[in-house]
Amino acid sequence: MPHLWMFLLQTLTPPEHEVLLIDGNAHPMNEAELVQFIRNENIGLVGIGAMTRMIARAYRMADAIRAAGIPVVMGGPHVTEVPDEALGLNGGPRHADAVALGEADETWPQIVEDAANGVLKERYQPPTENGKDKKPALNPYPEIPWDKMDLAQFNLVPGVFRSTLEKMGTGWGRFHVIPIESGRGCPYGCEFCTVTGFFGDSIRFRTNESVVAELLRLKARARNQRGQIAVFFIDDNFAINIKRTKSLLRDIIAANAQLPWVAQISANLLRDEELVKLIAASGGMWIFIGMESIDPTNLKDVNKGFNKPEEYAGVLQRLADHNIYAITSFIFGMDNDTIGIAQRTLEQIETWPPGLPVFGQLTPFPATPLYDRLAASGRLDRPKHWMDFAPFVMAHTPLKMTITEAREEVDHAWSNSYSPKRNSGAIKSIKTHPVQYRISHFIARLFFRGIYFPQMGKLAWFRVIAQNHSTIFHLVKESVVAYRAARKRKLQATAAILPR
Ligand code: B12
Ligand code: SF4
């Protein structure tokens with residue numbers, strides 16, 4: 001799914017300028033193709049945003065674009081954290097003409113004007129107040145024209161299935177997931193997270209009316225194109241202010257603005273039964289929970305002691321009772337982890353209602369308290385790990401295992417969580433749920449497997465389907481039985497009301 005910032009900044013661009021957007025994941029191009037595209041379109045300024053894990057690739061693109069004589073401005077979390085790197089002020093080569101530090105909602109129009117007038121400055125920073133960035137209030141919030149734009153980049157249906165699904169009817173080959181923010185900021189300050197530092201601990205919300213209006217526009221579009229549209233509320237912690245979240249969800253229900261949605265909420269906030277009921281009634285289908293570890297010592301080490309592993313089962317049961325899926329995220333390679341942590345975590349997970357677990361490793365992102373702690377104690381093996389990005393290879397050595405062992409733990413967790421056997425077990429464990437709920441859970445499992453195991457071409461999908469044929473067969477059989485039963489009931493009901 002492409003990131004929100006591009007669409008937001010496009011909307012905030014002075015109207016006399018045209019903005020073209022390319023997401024490097026949804027629409028990959030190499031350096032030469034990108035430069036050609038920029039020349040063909042006669043583009044005068046290129047803005048590039050990237051997370052730390054993509055920054056080396058972003059720099060390569062920026063270098064090629066600047067070599068072709070087009071100015072580049074970079075923004076986003078990574079360059080905000082280490083701006084001197086992009087500007088070539090730390091001994092390395094320069095990659096950007098300018099950097100936009102922090103939230104750029106208010107500086108972007110100025111950047112565009114300065115570039116148009118040939119007076120681009122090196123750094124753009126939001127105005128400060130008491131030595132801190134003044135944060136955009138999000139009120140009023142710009143109207144992103146989702147209803148008018150081409151949503152092809154947001155389609156999550158893999159290319160290999162699209163044409164077959166489209167033959168089944170209009171809209172079948174399209175499942176768009178659209179990023180929406182309802183607020184910014186999280187004050188919790190987990191040690192590995194950049195959010196508290198970047199967005200500050202000042203939490204800000206859009207008005208309920210503005211969020212509801214955005215949902216209604218999307219809902220109208222979904223209806224018109226007969227395609228599926230779901231929403232990803234990208235707020236760091238969607239229920240950080242429970243009272244406000246409940247009021248937003250009530251307003252969504254009252255306005256009949258429900259679309260299927262996913263959001264990130266920390267486990268401690270999901271103790272609230274009323275909140276969970278409102279989530280379900282307002283269209284909430286998946287909740288992403290940063291569980292991180294089943295070990296309280298690890299959680300305390302990373303300043304996330306508010307997560308209580310003994311509560312995880314109850315939280316997940318509460319969600320499952322309302323047919324809400326949990327995407328549970330775990331981090332291995334914490335300082336108290338030992339060999340076997342993956343297996344111990346899997347054993348716990350299997351006692352919970354089935355969710356969609358994801359596994360990563362503790363990563364010191366620049367400017368986080370974790371980075372500073374590890375750097376101060378000389379524990380960073382690759383202090384600039386982002387410059388030679390290696391997926392699932394840690395940049396520091398945990399205290400009780402090696403980097404290779406940590407990698408093996410991640411591999412074990414992914415392999416077992418999404419094996420055909422586990423998929424079948426997960427679906428059997430929810431046999432009392434309606435069949436459509438179980439089908440969508442099963443499909444989600446196949447997609448989540450693809451986060452770790454490359455699953456891009458036809459052959460890869462064919463293999464996955466063949467391996468899971470027995471679960472697929474049972475689900476199809478049950479759907480046919482359920483469909484026939486529903487049809488029979490309908491016919492009987494019609495017969496009962498017909499006059500004799
Ligand atoms: C949604 C989200 C996701 C979604 C992505 C879906 C999507 N495509 O949107 C999912 C859940 C898949 C995800 C995954 C990951 N994510 Co994430 N994610 C976020 C989240 C919560 C919101 C991003 C967002 O849209 N923010 C709102 C917009 C408005 O803010 P923004 O992007 O910062 O943009 C503003 C400014 O930065 C600036 N700006 C940004 N870019 C540019 C470019 C230019 C040219 C200019 C001028 C300005 C500018 O202007 C914008 C307006 O002010 C952020 C946290 C956060 N609140 O930002 C983390 C975050 C971006 N993710 C993070 C991480 C680490 C990851 C993962 C690596 C986690 C993991 N271990 O697997 C994966 C990577 C997946 C991948 N390969 O891409 C980190 C990145 C830290 C870093 N330094 O790189 C963040 C900051 C959270 C954190 N915990 O620290 N993520
Ligand atoms: S609760 Fe989530 S968003 Fe908030 S600081 Fe912790 S990891 Fe970051």
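Sequential numbering from 1 along the given sequence is applied to the chain's residues. One-based numbering, in listed order, for ligands and for the atoms of each.
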Identity and separation of the nearest protein heavy atom to atom 51 (C) of ligand 1: Trp5 CB, 3.9 Å

If you have a sec, work out which protein heavy atom is nearest atom 8 (Fe) of ligand 2 and how many Å separate them, to one decimal? Cys193 SG, 2.4 Å

Both conditions, 6.0 Å and 45 degrees, for the charged tip of Arg206 above the ring of Tyr141: are they met here? yes

Students should be able to answer this: which protein heavy-atom is nearest to atom 6 (Fe) of ligand 2, and at what distance? Cys190 SG, 2.3 Å

For Thr402 and Arg407, does a side-chain donor sit closer than 3.5 Å to a side-chain acceptor? no

Got the closest protein heavy atom to atom 2 (C) of ligand 1, with its distance? His3 CE1, 4.8 Å

Can you check whether Phe365 has an N/O within less than 3.5 Å of an N/O in ligand 1? no

When you check the side-chain N and O atoms of Asp301 and Asn336, is any donor under 3.5 Å from an acceptor? no

Would you say Phe288 contacts ligand 1, with heavy atoms under 4.0 Å as the rule? no

To check your reading of the model: name the closest protein heavy atom to atom 87 (C) of ligand 1, its residue, and the distance in Å. Val195 CG2, 3.9 Å

Taking both backbone and side-chain atoms into account, decide whether Cys186 has an N/O/S atom under 2.8 Å from atom 6 (Fe) of ligand 2. no

Taking atom types as modelled and ignoring hydrogens, do the side chains of Ser415 and Tyr452 form a donor-acceptor contact shorter than 3.5 angstrom? no

Quick one: nearest non-hydrogen protein atom to atom 11 (C) of ligand 1, plus distance? Phe232 CZ, 3.9 Å

Got the closest protein heavy atom to atom 29 (C) of ligand 1, with its distance? Arg184 NH2, 3.6 Å

Under-4.0 Å heavy-atom contact with ligand 1, by part of Pro2 that carries it: backbone

Numbered atoms and elements of ligand 1 in range of Gly47, under 4.0 angstrom, heavy atoms: 45 (C)

Heavy-atom pairs closer than 4.0 Å: do any link ligand 2 to the side chain of Lys304, the backbone, both, or neither? side chain

Distance, nearest 0.5 Å, that separates CG of Leu380 from CZ of Arg373: 10.5 Å

Go through it in stages, so that I can follow the logic: the residues are Glu85 and Tyr59, the test is side chain to side chain donor-acceptor pair (under 3.5 Å), and I'd like the CA-CA distance, side-chain angles, deciding distance and then a yes or no. CA-CA 10 Å; Glu85 186 178 87; Tyr59 288 155; 2.6 Å; yes

Relative to ligand 1, is Phe192 under 4.0 angstrom through side chain, backbone, both or neither, heavy atoms considered? neither

Atom 84 (O) of ligand 1: which protein heavy atom is closest, and how many Å away? Thr52 N, 2.7 Å

Do Asn139 and Thr207 have side-chain N/O donor and acceptor atoms under 3.5 Å apart? no

Is the closest side-chain heavy-atom distance between Leu218 and Asp147 below 4.5 Å? no

Hey, which atoms in ligand 1 end up nearer than 4.0 Å to a heavy atom of Gln264? 21 (C)

Against heavy atoms of Gly102, which atoms of ligand 1 measure under 4.0 Å? 36 (C), 37 (O), 38 (C)

If you measure from each heavy atom of Gly76 to ligand 1, is any distance below 4.0 Å? yes

Any salt bridge between Arg184 and Asp105, counting N to O under 4.0 Å? yes

Considering all heavy atoms of both residues, which atom of Ile324 and which atom of Val276 are nearest to each other, and what is their separation? CD1-O, 3.9 Å

Structural part of Leu9 in contact with ligand 1, heavy atom criterion under 4.0 angstrom: side chain

The single option from Phe365, Trp386, Phe389, Phe198 that satisfies ring pair (Phe, Tyr, Trp, His ring centres under 6.0 Å) with His78 is Trp386

Sub-4.0 Å atoms of ligand 1 with respect to non-hydrogen atoms of Val73: 45 (C)

closest protein heavy atom to atom 8 (N) of ligand 1 is Met1 O, 2.4 Å

If the cut-off is 4.0 Å to any non-hydrogen atom of Trp108, which atoms of ligand 1 fall inside it? 47 (C)

Strictly by modelled atom types, are Asn155 and His176 linked by a side-chain donor-acceptor pair under 3.5 Å? no

Distance alone, cut at 3.5 Å: any donor-acceptor contact between the side chains of Gln264 and Asp235? no

The one among Val177, Thr194, Val79 that brings a heavy atom closest to atom 85 (C) of ligand 1: Thr194

With heavy atoms of Leu4 as the reference, note each atom of ligand 1 found under 4.0 Å away. 25 (O)

Looking at Gly360 and Phe392, what are the two nearest heavy atoms and their distance? CA-CE2, 4.4 Å

Element-labelled atoms of ligand 1 that are located less than 4.0 Å from some non-hydrogen atom of Asp236: 21 (C), 55 (C), 56 (C), 57 (N)

If the test is ring pair (Phe, Tyr, Trp, His ring centres under 6.0 Å), which one of Tyr325, Phe453, Phe175, Trp461 qualifies with Phe447? Trp461

Identify which of Val82, Ile234, Leu45, Ile55 has a heavy atom lying nearest to atom 1 (C) of ligand 1. Ile234

Distance alone, cut at 3.5 Å: any donor-acceptor contact between the side chains of Ser266 and Asn268? yes

Taking non-hydrogen atoms only, is Pro179 closer than 4.0 angstrom to ligand 1 via side chain, backbone, both or neither? neither

Taking all non-hydrogen atoms of both residues into account, name the closest pair between Asp236 and Gly185 and its distance. OD2-N, 3.6 Å

Pick, from Met54, Glu181, Glu103, Met51, the option with the minimum heavy-atom distance to atom 18 (N) of ligand 1. Met51

Which bit of Phe199 is near ligand 1, meaning a heavy atom under 4.0 Å away: side chain, backbone, both or neither? side chain

In terms of heavy-atom contacts, Ser293 and Leu299 come closest through O-CD1, 3.7 Å

Of the protein's non-hydrogen atoms, which lies at the shortest distance from atom 72 (O) of ligand 1, and what is that distance? Arg53 NH1, 4.7 Å

Going by heavy atoms, is Gly290 under 4.0 Å from ligand 2? no

For residues Pro2 and Gln153, report the shortest heavy-atom separation together with the two atoms involved. CD-O, 3.3 Å

Enumerated ligand 2 atoms positioned under 4.0 Å from heavy atoms of Gly189: 5 (S)

Any N or O of Glu81 that comes nearer than 3.5 Å to an N or O of ligand 1? yes

